Structures are given as C-alpha cells and as structure tokens.
Amino acid sequence: MADLRIDIHDLQLKNPVMLASGTCGYAEEINEFFDVSELGGIFLKGLTLHNRDGNLYPRMAETPSGMLNAVGLQNKGIDYFINNIYPRIKHYNTPLIINVNGSTVEDYIELTEKVNELDKIPAIELNISCPNVKEGGMAFGITCPGAEAVTREVRRVYDKTLIVKLSPNVTDVSEIAKAVEGQGADSVSLVNTFVGMAIDAEKRKPLLSTITGGLSGPAIKPIALRMVWQVAKAVKIPVVAMGGIMNATDAVEFILAGATAVQVGTALFKNPLIPLQIIEGLNGYLDRHRMDSVKELVGSLQV
Amino acid sequence: MADLRIDIHDLQLKNPVMLASGTCGYAEEINEFFDVSELGGIFLKGLTLHNRDGNLYPRMAETPSGMLNAVGLQNKGIDYFINNIYPRIKHYNTPLIINVNGSTVEDYIELTEKVNELDKIPAIELNISCPNVKEGGMAFGITCPGAEAVTREVRRVYDKTLIVKLSPNVTDVSEIAKAVEGQGADSVSLVNTFVGMAIDAEKRKPLLSTITGGLSGPAIKPIALRMVWQVAKAVKIPVVAMGGIMNATDAVEFILAGATAVQVGTALFKNPLIPLQIIEGLNGYLDRHRMDSVKELVGSLQV
Amino acid sequence: MGNKTVSDFIVTENIKLNDTNYLLRLKAPDPLPIIRPGQFVNIEVKNTSEIFLRRPFSVFEMDYDKNILSVIIKILGRGSKKLTEVIAGDTISLIYPLGRHFTYPGKGERILAVGGGSGLAPMLFLAKESGLPAENVDLLIGARSASDHIDVNAYSQYGSLNFTSEDGTLGTKGFVTHHPLFTDNLKNYDKVYACGPEGMMKAVAREARKAGVNCEVSLENLMACGFGVCLCCIEPTVKGNLCVCTEGPVFNINELKWQI
Amino acid sequence: MGNKTVSDFIVTENIKLNDTNYLLRLKAPDPLPIIRPGQFVNIEVKNTSEIFLRRPFSVFEMDYDKNILSVIIKILGRGSKKLTEVIAGDTISLIYPLGRHFTYPGKGERILAVGGGSGLAPMLFLAKESGLPAENVDLLIGARSASDHIDVNAYSQYGSLNFTSEDGTLGTKGFVTHHPLFTDNLKNYDKVYACGPEGMMKAVAREARKAGVNCEVSLENLMACGFGVCLCCIEPTVKGNLCVCTEGPVFNINELKWQI
Ligand SMILES: Cc1cc2nc3c(=O)[nH]c(=O)nc-3n(C[C@H](O)[C@H](O)[C@H](O)COP(=O)(O)OP(=O)(O)OC[C@H]3O[C@@H](n4cnc5c(N)ncnc54)[C@H](O)[C@@H]3O)c2cc1C
Ligand SMILES: Cc1cc2nc3c(=O)[nH]c(=O)nc-3n(C[C@H](O)[C@H](O)[C@H](O)COP(=O)(O)OP(=O)(O)OC[C@H]3O[C@@H](n4cnc5c(N)ncnc54)[C@H](O)[C@@H]3O)c2cc1C
Ligand SMILES: Cc1cc2nc3c(=O)[nH]c(=O)nc-3n(C[C@H](O)[C@H](O)[C@H](O)COP(=O)(O)O)c2cc1C
Ligand SMILES: Cc1cc2nc3c(=O)[nH]c(=O)nc-3n(C[C@H](O)[C@H](O)[C@H](O)COP(=O)(O)O)c2cc1C
Ligand code: FES
Ligand code: FES
C-alpha cells in the first residue's frame, strides 16, 4: 500500500487521480456511481459569467478510439452555480476545482473574483483552450501574449491555487507553459481537446452542428503524452496531465513523463468506475515496483 | 462507372488514390501484391542527398487506432536511387513522385536539381514536415519564413509539379499553406505525422529509441480532416490529403472537405490491397450519388 | 451516493425476432432496481475496433424474479449489429438505470401507445405495465412492410394490437398517423405515447396536439455518456437545452420546441 | 507483379498444445505457394479495439494437398492471446509468403536446430524439411519448465529430440547452451540454426562462433508491415540497417552486429 498523496502547489490530493472538466458534470452525477470522496480531485464542468446555451445539436461524433464534442460550454453561469449547485456539493471530501471560462480578460477576472469567495473551492483551472466557443476560449491559449495576459490578470485577483489549462493546438506547447508560469500560474494542466472534424459521407454534411469540434480519448494519448513530457521538462511548476487516459497503465505513463497528477475525461463515458480502477492499479504498480510513494514515480522515465 | 481522372497542376491522375511516402517503399514492394499502374500515383519513400541509416531500433510502437514511427528517413541517397532503383521502376504506368528531404535549404536544392533530370518523375513532394530527423525536416515546416524559404529556393530550380508537404504540428496550418502557395508551390499535401510518444510503463522507458516519433493512422483522421478543410478554404492550389485513410468512405470525406486527391499510408500495413478497394468504393459512391466525375465531389461538403 | 451502477450482465438468450430485430435477455449480477417503461441502459460494445462509445437501448422487460433485464435491438449500424451477435454466456456491460420513464396513465384512462422501428420496446413495456385493463390500451405498431414487423401477439393480453405498413402488407397501408385510430377517434384517448423515428414521433405529436390530447415521446438523441455529464444529447425545450439522458428520454411534447 | 498475397483463410483447427501455445491450421482460398522454414505470415487480429497492426508468425507446417498452412502461436500479449481464441470456421486474414528461409543443409551434413519460446515452429519445420536422415539432425528445445514444453514426439522421425528446462523438470537443467550438445560436440555440426528469445539466440550464436560452426538465426523484431515498406523492423548488419521482414528474418550470425 503505497502513499498516493501528492500536492499541486497548495492543493493537497489524497491521490493523483482526478476527473476532467466537462466530463464529470458537477460531481453529483459521478457520485451516483461511487463516493467521489475517494478521488484526488474533481474539475467541475466549465463555468462562465453568464448562462450559455451551448452549441446546437448534434454535438458529438464517434471517431476511431475517440470522440469529437462541440458542447460549447453550456452552463447556467456562475451565479446559478453558487446559489444552486455549490451548496449541494461543497460537502464532498475531495478538492472541487472550478474550470473558469471567458470571452474577454474582463470576463475571466470577474468570474475568478466570484470563485475566490467560495470557501470550498481551493483552486481554479483557467481554461484558455476551449476549441468550441466562438470568442475567447482557445484564442487566448494559442499565443504566448494571449496566455500571459489572462494569466497575469487572473493571478492579480486570485489567491488560491491557479492551474492554467493549455491547448494542444499549438506549434510549441512548452513555450505557452513557460509563458503562463512566468505570470504566476501555480500549475499547468494539459491537454484540452484537439480541433477535429467529422463528415457524414452519405449526407455530404459535417456531423457536428459547428463543423469542427474537440477530439478526446485514447486516439490523442500519444500526442498528449509527448506534450506533457515536453512541458514537464520546460517548467518547474507541477503539471496535471490528461488526454485519453483509460487505465492505470496510461496514468503511470503520464506520471513517468512528468505529470504530478492526472485527469480522467472521456474514459468516464465508457465506464464511470475507471477512476477507481486507476487508483487501485496505481497502487498495485507502485507496490510491484517497490515504491513507497507516488512522488517517486513523477518524471522518473529513464531516457 | 464515373470518371475518376483528376489533375494536380500538370500531373494527370487516372484516379485520386495515391500511396503516401514512406509507407510504400519504392513501389516495387506494393507491386508484389497488385499492378501499381492501377493507382493514381505513388509517393516514393523519402530521399535525401546522401545515404542515411535512420534511427536506432526500436522505431515503431502501436497506439490506439494508430502507430508511432521513428524511422528517421533511412534511405540510400539520391544517387543510389537514380542508379539502382529508378531504372527498375520507371516503367510503371503511374506517376512516381519523389519525396524530397534535406537538413539545409542547399540540400533541398541540390537534391531537387538531380530529381529535375529524371524524365519519369513528373513531380516532387517537398517534405518540410518529417518529425523524425534531428536537423531540418519539420523545422522548416512549422514556421512561415522557414516554409517560404525552402519553397522559394526549390521552386527556382524545379520545373515540374511542386507539392509541398505540410506539418500538422502547428498552430495554424492554413497560414503555412498560404505561405508556400505564395512562393510558387503547385499543390500542398497534408498531413504528415503528429509528434507523439509512447512509454513502456513496466520498464519505465520510452518505446522508441528516439523517445518521440510520428503518429499516423485512423487516430489522427479527425484532426487531419479538419486541417484539410481549413487549408482547402485558404488556398487556390489543389490539396492532397492524407491521415488515417482506411477505406473509401474516409477518402470521400477528405475529398468532400476539399482534397483533390488522397494518399493512403499506414493503412497499407494493415492491408496493401486497401488502395484498390478505395478506388472501387469511390466509383460506387459516385455512381450511387449520380456524379459523373470525381471532380464534382471535390469540396462539395454542404455546410 | 449512488443509485446508478455499471455491471457485467450475462447473456442468457439472444432471440432473433426478424431480419433486423433481436431480443437479448441479460442476467444481472446483483438484484435489479425497479426500472420503468422509457428508462434505458447504456451498453458496451466489445470486441470491435470500430466502436468507442456505449450504445443506449430502452428496457423492454424486467424479470425481477430471475433478475433478468431484456432489450430489443434493431440493427441500425455497426454497434447494434455487433450487439446482436452475442451468444448465451457472453458478458456484456450495462450502465443502469438511466433516464426518466413515461408518466403512468391514471386509473380508468384510455391510452394509445405508438411504436415504430427501434422504438417498439418501450411501448410494449408500457402496455404491459400500464396497470390498465386491456380494453383501455391501444397499441399501434408501424413498419415499412409485414416482414419488418415482429410477432407481438403475446401483447394482446395487455391491449388491442393495431398495425400499419408503408406497403400495405400488414394492417393499414401508410404511416401510423394514417391509421383509423388517428384519423377517427384520437380525442378519445387520455394519453398518447410514442417512440420511434423522429419523423414518426413528430407526426404523432402533431396529431395529438391538434386533437388536444396529452402526448409523451421518447427521444433517441445521440449520446456519449448517458448519465448527464457530457451534455451531448441535448434537446431544445421550453426550459432551455435539456439532456435527453437525464431529463428525458421521455418528454411531454409541450416541453419540446418541435416545429409541428 | 506479384508473388505476395493478402487472403482470408479459414480456421480448420485450433489445438491447445499447452498453457500458452496453440496450433492453428488455416485453409487457404487459393493454392498455396511453396513456403519454406523461416518464412512467415502476417496475421490480422480482428474483433478487438486494442490491436491496430498485424502480428507476424513463422510458418510451422505446409500441407499442399489440403491447402493448409499452420502456425504455432505462443501467448505473449494481447494480440497473440486474441489469435488463440479463434474457432474452426472463423476467417483470418494473412499476408504471405514473407521473408527468407533458412539455408537448407547440404547432403550428408549434420545440423543442430535450437528452438525456444515462440521460436519453436520454424525449427520443427526445418527438421522436417531438411532432407537429411534423422540421425543427422539434432533438435534441441529449451523452456522454463516441463509444463512449458509441448509434445514434439512426432518429430523423432526427423531428428533426435533433446530438451533443456531452467528448473530441470525436463531434460538438461539450464539454458540450451548448457546442454551437452553444446558443451561437448558443437564442432561436429555443419550448421547450427536457432530461433527464440534474443538472449537465447545470442548465447547460441556465441557458442557457434566460438566453435567456428556456421550459424543462422531467425529474428523476431517488431514489425509494422512485414513486407519491406515501413523500415521499422531493421537490424544493424555489416551491410547497414536491413529489414528483418524482407532481408531476414533469417540471418547468418556473421552478418549481424551482435556483441557476442
Ligand atoms: C434513450 C434511447 C433508447 C433507445 N432504445 C432503443 C431500443 O430499444 N432498441 C433499439 O434498437 N435502438 C434503440 N435506440 C437507438 C440505438 O441507440 C441506436 O440504434 C444505436 O445507438 C445505433 O448504434 P450503431 O452503432 O448501430 O449505429 P452507428 O453505426 O453508430 O450509426 C448508424 C447510423 O445511425 C445513426 N444513429 C446512431 N445512433 C443513433 C441514435 N441514438 N439516434 C438516431 N440515430 C442514430 C448514426 O448517425 C448513423 O447514421 C435508443 C436510443 C436512445 C438514445
Ligand atoms: C518473423 C517473426 C516470426 C515469428 N514467429 C512466431 C511464431 O511462430 N510463434 C509465436 O508465437 N510468435 C512468433 N513471433 C512473435 C510474435 O509475432 C509476437 O509474439 C507477437 O507479435 C506479440 O503480439 P502480442 O499482441 O501478443 O504482444 P503485445 O501485446 O503487442 O506485446 C507484448 C509484449 O511483447 C513484446 N513484443 C511484441 N511483439 C514482439 C516481437 N515481434 N518481438 C519481440 N517482442 C515483441 C512487446 O514489446 C510487449 O512487451 C514471430 C515474430 C516475428 C517477427
Ligand atoms: C464532452 C466534453 C466536454 C468538455 N468540456 C470541457 C470544459 O468545459 N472545460 C475544459 O477545460 N475542458 C473540457 N473538456 C476537455 C476535457 O477536460 C479534457 O481536457 C479532454 O477531453 C482530454 O482528455 P480525455 O481524452 O481524457 O477526455 C471536455 C471534453 C469533453 C469530451
Ligand atoms: C513508417 C512511416 C514512414 C514514413 N516516412 C515518410 C517519409 O519518408 N516522407 C514523408 O513525407 N512522410 C512519411 N511518412 C508520413 C506518411 O507519408 C503520412 O503523411 C502519414 O503517415 C499520415 O498518413 P496515414 O495516417 O495514412 O499513414 C511516414 C509514415 C510512416 C507511418
Ligand atoms: S449523453 Fe451525456 S449528457 Fe446525455
Ligand atoms: S516490418 Fe515493415 S519493413 Fe519490415
């Protein structure tokens, strides 16, 4: 029984297995299956300042070993969250992290200020990498100046752990990582989805209402793993990894590549119990490799 | 029986189904299975000015719906090709296209000058996107100035059809496409492989000798399709598409998205007969949709 | 915590109903919860490289004594095809119970349950569970041709059986809404229920609205998760975009923004 | 054009040889070409989402009358496991014939064929095809334990059978190179052939080189295509990096750059 505890800046995790934003609702939906307190942490569905209806149906297309989504950040806005959802979930005994989204820097700031007041939210994940919204979103995450600007301004108003979520749709993700580190990010998380597309050949039409969407799942794992490896070498702050993690072996690979913790996303759709299987499998792996703590595993790839 | 003929600049193809460089050797290996004259064209294994041993073994790792390779452009150099291989294959009744690789602009020029002399090579594919070599390769393909420089210089010395092969490992592939179009490229082909990585969790080591490699196969298809769609909208020159094409439906999707022709790559490893199946399937598709020529299909996605 | 489960069921029977429909009986490892007509399960498709996500199917029958849950699978594409190839003894993973059931009819009410295509299962289940005497229940089943119909004679004990076929080879020729039950006396019903292809459900909804009859439909939107986290299955409603998997699949037509 | 083929074979038999080894007999749709010991086929692994590429297996037996090709599959990982689950009647796609065969021994020569693990099949095939009287052929088969050995008694008609096991439960205790055939009289052979785990082949090669005996080994490098186009399977040789799938899998040890 190895020690699975690990920290991301001020955030103390009982284990490094967390749920990815947009794939686990507001935690309650997963709590229907098991006690979410067993998890290392939960990144809640992306929130914006105001209600968003999201994109039109259809929003989803299956792809080889993956899927495209074009949800477009459907959510009821931060105030609704604070008044209606937060009271119901704040007692969960695991860090709940809010995924913060905006169209402008001002949006991000205003939203963050509100989140800063929430006692039971110990961290935010600044989403500058959502490919499914027309304004803001990924636009901030694909240039260094854009990423720096949002991070800097949000850092000014936010006291707790600030994780910046990076887009993989860039030439050099480690540059962006270094840029946000330079502006005071406590951690970076990656990868968000890859911009992809699917077509119905018979109907000669795109399968998504938005034409393009975000690719996730095992298909992207090799690219995500490479990016995590590059970023972990480039920055000193902890890296939270995601992208196609389906089992404990996948999680171990990302941790070996330098991740301090991992997020499970699309895998939940296949089987919401996968995070528990990963925690167990990680434990078994550490025992088998005679490691006392998961900390020994972080970045221990032999190259 | 629809008309499958289509042109890429001066290159007249009997059908739009070609083989991707590095996945079909020098055509002879595929000719062991069927008469390669049935194909639209063949992009030969990447050539360099001098012999290259390529990277160390292991060079390959299987991934979900795809594979990573780290071949590193192993080839015997252009002179060996001209003297030993070219004479054996030049009678094939299908366009043979040489995939041109260099570490410096001078390399590209020298190589292209030699290729320009080969009667039976009607086109080159300028590979500025190989992720598996230390110098040159992808470095030229991920910035506009780099891509422009090689294209401009090669264009000066090359008279026939010049296709530039783009890297998907960039923030905005359509910018690079426009840049090479501006320097006289007759066509762009995309995508080359995505930089990815695979780890042996038990051994705690990378699976590839080079740590990272190039991801190909169906896993990348949604991203490749999106990029082809973006590029086809951005440039006026014909687009040659590849990335995970496994069957006629996949090929149709790329053509709908704007590709004039497609290349079949990794699919050959699963089944070298797939290109023939695609030609047949494409024919059936056009008949079913009452189109007389594949030209009607190009870019006809309804959005 | 939790009233949803992911479990491996054992296939006890796979019965071919006709060329494209199969009945799967699946034995649960643990006592099954109450599951009502309209609710569904999300089934994993194993042993294929083409399918990544689960596929949702309405529950057709519950046998709490034997701990068996049944579904009817109509072959539509690759996933449904693969699922019809399972054999007794195979294990198959289900997420359950999912979604909301139809509103049960009140005592003494008269109902019409209209099913077509892959939407048959919940209608048969509803007829059986309605709690009404058979004479209060009309089942109307539409298909393209007689050969697309499956044998539902056993259901005559729960309601009267009526059929339409597009080619006239069984029952009334035409679509379900061409049947006399629609054209003559729709107003006589207290509730109309429908499940099937979108076009059919919209036609039913149109008639029901015209006749002023309460109508519920079960939608079959594309789903990634099935339990409310991905927000892919949404349907525009008067309350905004709602998840079909958690707020549906059963909706009253007055909640929907259908242009009918 | 063409002496390589991709075809769907029909599984006629799947025989479990021991806990991890299975013998598959596969019937070809068309007359089989001549295939010799050391040559291999590349087999598609269907009905699984985990496997993308084919898996290479040496040919074990050719029955030209019945048009049947056989392979022995040792379960190593997910692909080989899946292949051992096929049943008679299944179709299975093969690319063939691939690679180069062992150099046949000259008339009257004495040979030693050493097989271990997944490398047994081509050694048995070679013993059978060598064209030599049984007394000129020594077969040496190594495994971890008696239970890992498979029954090869039928091969006593082609050569004398010798065994090693790491735990001493069958034949000489230790590795193949600990067997008296190696320690006592290796020089007596004209040719030594080996196929098996890399460590075993290197040990055999070392002894053969020491004894000055001609030695060929069959390598099992990772392959993507199997027919010479991907350049993934390379082995450093005195002629540079060569593809194991086309220039091998059989190599004379003097061609290889092994540090032995
Ligand atoms: C709540 C719910 C209950 C259902 N109950 C049943 C049932 O009891 N019996 C039954 O046979 N089917 C039922 N379905 C439909 C069933 O889920 C689909 O037929 C199945 O998912 C198709 O998968 P496939 O892999 O065979 O098709 P694919 O190969 O994925 O697709 C084939 C074609 O069908 C379309 N398609 C796929 N899924 C759906 C869908 N959900 N709705 C509409 N079009 C789709 C695709 O876009 C494509 O054009 C239900 C669906 C839902 C959402
Ligand atoms: C020319 C040739 C002939 C062969 N003949 C036979 C034969 O007759 N019978 C037989 O049982 N096997 C044979 N093999 C080996 C067989 O191909 C592998 O065991 C098989 O590909 C493993 O696939 P898998 O999916 O089970 O393993 P995976 O799940 O892919 O891998 C399991 C582990 O095995 C390693 N591995 C996978 N493939 C190979 C390989 N080719 N060499 C070394 N390590 C590998 C992986 O790296 C991993 O660590 C042969 C291989 C070659 C190249
Ligand atoms: C349906 C869906 C919705 C998502 N919504 C969000 C979101 O709101 N905010 C965000 O930062 N990422 C979102 N993501 C991205 C995931 O958090 C994750 O970065 C990505 O899916 C890659 O991980 P995976 O392959 O494990 O799913 C979403 C992904 C999916 C599939
Ligand atoms: C083993 C291998 C070797 C390759 N070698 C080359 C090469 O020499 N030159 C080149 O431009 N692309 C090379 N590629 C990239 C392919 O031509 C193609 O762009 C890529 O694989 C995507 O297409 P696919 O998914 O259909 O394989 C290679 C790909 C593979 C898998
Ligand atoms: S299918 Fe995921 S929310 Fe409904
Ligand atoms: S396996 Fe492809 S060249 Fe040998």
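Computed from a predicted model, the values in this text were never measured in an experiment. FYI, side chains are in, hydrogens and waters are out, and symmetry mates aren't considered; it's all heavy atoms of this structure.
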Is the number of heavy atoms from other residues, nucleotides or ligands within 6.0 Å of [atom1] ([X]) greater than 12?
| X | atom1 | value |
| --- | --- | --- |
| B:K205 | NZ | no |
| A:E280 | CD | no |
| A:R288 | CZ | yes |

Which heavy atom of [X] sits nearest to which heavy atom of [Y], and what is that distance?
| X | Y | result |
| --- | --- | --- |
| B:V303 | A:P206 | CG1-CG, 3.6 Å |
| A:L225 | B:A198 | CD2-CA, 4.1 Å |
| A:L301 | B:R204 | CD1-O, 3.6 Å |

Quiz item: Is a side-chain N or O of B:T171 found less than 3.5 angstrom from the main chain of A:T171, in a donor-acceptor match?
Solution: yes
Exercise. Check for a donor-acceptor pair, side chain of A:R226 on one end and backbone N or O of B:M197 on the other, with a separation under 3.5 Å.
Key: no
Side chain, backbone, both or neither: which part of [X] has an atom under 4.5 Å from a heavy atom of chain B?
| X | value |
| --- | --- |
| A:V170 | both |
| A:L215 | side chain |
| A:I211 | side chain |

Practice problem: May I ask you to name which of B:D200, B:I255, B:N169 has the most heavy-atom pairs under 4.5 Å with chain A? | Solution: B:N169
Self-check item: Options B:H289, B:M246, B:K221, ranked by heavy-atom pairs under 4.5 Å with chain A, top entry
Solution: B:H289
Quiz prompt | Approximate separation, where rounding is to 0.5 Å, of B:I199 CD1 and A:D250 CG | solution = 10.5 Å
Quick check on [X] against chain A: is it the side chain, the backbone, both or neither that has a heavy atom closer than 4.5 Å?
| X | result |
| --- | --- |
| B:Y285 | side chain |
| B:Q230 | neither |
| B:S300 | both |
| B:V195 | both |

Self-check item: Top contributor to chain B contacts, counting heavy-atom pairs under 4.5 Å, from A:P168, A:G196, A:S167
Solution: A:G196
